[in-house]
Participant: 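Sharing a structure below in C-alpha cells format, with a few things to ask.
Note that the coordinates shown come from a computational prediction; the quantities given were computed from them, not determined experimentally.
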Amino acid sequence: MKLDLSDIKTTARRIKSELPEIIKSSGTKRLVIDSITLFSMMYDDVSERRIRLVGLIKAIKKAGITALFTAEVNAENTLHSKDGIVEYSSDGVLHLSQNEVERNIRLMIRVIKMRRIQHDRVYRPYEITDKGLVVFSNEMVFHEMGLDDDLSSKKKYII
C-alpha cells in the first residue's frame with residue numbers, strides 16, 4: 001500500500017480502515033512499514049503521535065502478524081529513531097549500520113532491545129543475500145574510530 005503524505009487525513013483514514021482488511025484478506029503474516037518516520041510525521045502533536053503509533057501496533061498484534069518498521073535515526077544519537085517514540089512501543093529494536101576500514105565496508109547489526117529474550121548487544125556482521133539477511137552470530141565486528149587521518153595514534157576498538 002503506498003500512502004500519500006500530501007493528504008494526511010485521507011492517509012490516516014486509509015491506514016485505519018484498509019490495513020486490517022488487507023491483512024485479513026491476503027493471509028499476510030508479515031508487514032513492513034518503510035518508514036514509520038513518515039507515519040509519525042502525519043501528527044504534529046507528540047501525544048497524538050504516540051497514541052496513533054500505539055494504536056497501529058495494537059492493531060497489528062491483534063491481527064496476529066509480525067511487523068517490521070524502518071525508521072530514520074536521530075542525528076545526535078544514531079541508536080534512537082528521529083522521534084524517539086517507536087523504540088518504546090516496539091518489542092524489538094535492531095540497529096543496522098556499516099563500518100568502513102581501509103576502504104572495506106562491513107555491514108553490522110546490533111540488538112538494542114528484544115523483550116523477553118536474553119541477548120548481547122555486540123555488533124555482528126551481516127550480509128544481504130538472495131535468501132535474505134544472514135547474520136554471522138559467531139563473529140564480532142571491531143568498530144575502529146579515529147578523530148583524524150592519523151588512526152595509528154588514536155584507535156579505539158569497541159567490541
Participant: Once rounded to the nearest 0.5 Å, what's the spacing between atom CD1 of I60 and atom CD1 of I23?
Facilitator: 6.0 Å

Participant: Under a 4.5 Å cut-off applied to non-hydrogen side-chain atoms, are H95 and T78 in contact?
Facilitator: yes

Participant: More than 12 heavy atoms of other residues, nucleotides or ligands under 6.0 Å from CZ of F136: is that the case?
Facilitator: yes

Participant: With sequence neighbours left out, write down each residue that passes salt bridge (charged side-chain N to carboxylate O under 4.0 Å, His left out) with E48, or none if nothing qualifies.
Facilitator: R52

Participant: Between V73 and L94, is there a shared hydrophobic cluster once you connect ILVMFWY residues whose side-chain heavy atoms come closer than 4.5 Å?
Facilitator: no

Participant: To the nearest 0.5 Å, how far apart are CZ in R106 and OH in Y123?
Facilitator: 14.5 Å

Participant: For residues L96 and T70, determine if any side-chain heavy atom of one lies less than 4.5 Å from a side-chain heavy atom of the other.
Facilitator: no

Participant: Report the C-alpha separation of S81 and E87 in whole Å, then their side-chain angles, then the decisive distance to 0.1 Å, and conclude whether the side-chain hydrogen bond (donor to acceptor under 3.5 Å, both in side chains) test is met.
Facilitator: CA-CA 7 Å; S81 66; E87 296 92 324; 2.9 Å; yes

Participant: So, for K113 and S90, which heavy atoms are closest and what is the spacing to 0.1 Å?
Facilitator: NZ-O, 2.8 Å

Participant: Is R49 close enough and on-axis enough to Y43, meaning under 6.0 Å and within 45°, for cation-pi?
Facilitator: no

Participant: Looking only at heavy atoms, which two atoms of T28 and I22 are closest? And how far apart?
Facilitator: OG1-O, 4.1 Å

Participant: Output the distance between atom CG (L107) and atom OH (Y126), rounded to the nearest 0.5 Å.
Facilitator: 4.5 Å

Participant: Among the clusters formed by ILVMFWY side chains lying less than 4.5 Å apart, do V46 and V54 turn up in the same one?
Facilitator: no

Participant: For residues 129-138, which residue pairs qualify under side chain to side chain donor-acceptor pair (under 3.5 Å), counting only residues two or more places apart or in two chains?
Facilitator: none

Participant: Run the side chain to side chain contact (heavy atoms under 4.5 Å, CB included) test on F69 and V86 for me, step by step, so that the C-alpha distance in whole Å, both residues' side-chain angles and the decisive distance to 0.1 Å come before the verdict.
Facilitator: CA-CA 9 Å; F69 303 147; V86 71; 3.7 Å; yes

Participant: Using the rule that Ile, Leu, Val, Met, Phe, Trp and Tyr join whenever any side-chain heavy atoms are under 4.5 Å apart, tell me whether V111 and L133 fall into a single cluster.
Facilitator: yes

Participant: Is it true that I36 and I65 fall in one hydrophobic cluster, defined by side-chain heavy atoms closer than 4.5 Å?
Facilitator: yes

Participant: Got a second to check how far I109's CD1 is from Q98's CD, nearest 0.5 Å?
Facilitator: 14.0 Å

Participant: My understanding is that only residues two or more places apart in sequence, or in another chain, count here; which of them pass salt bridge (charged side-chain N to carboxylate O under 4.0 Å, His left out) with R115?
Facilitator: D91

Participant: Would the number of heavy atoms belonging to other residues, nucleotides or ligands and lying under 6.0 Å from NZ of K82 be above 12?
Facilitator: no

Participant: Does V135 belong to the same Ile/Leu/Val/Met/Phe/Trp/Tyr cluster as M140, with side-chain heavy atoms less than 4.5 Å apart forming each link?
Facilitator: no

Participant: Ignoring hydrogens, what is the shortest heavy-atom contact between V122 and D120? Give both atom names and the distance.
Facilitator: N-OD1, 3.2 Å

Participant: So, do R110 and R121 sit near enough that their side-chain heavy atoms are less than 4.5 Å apart?
Facilitator: yes

Participant: Taking the side chain as C-beta and beyond, is there a heavy-atom pair between H80 and N77 under 4.5 Å?
Facilitator: yes

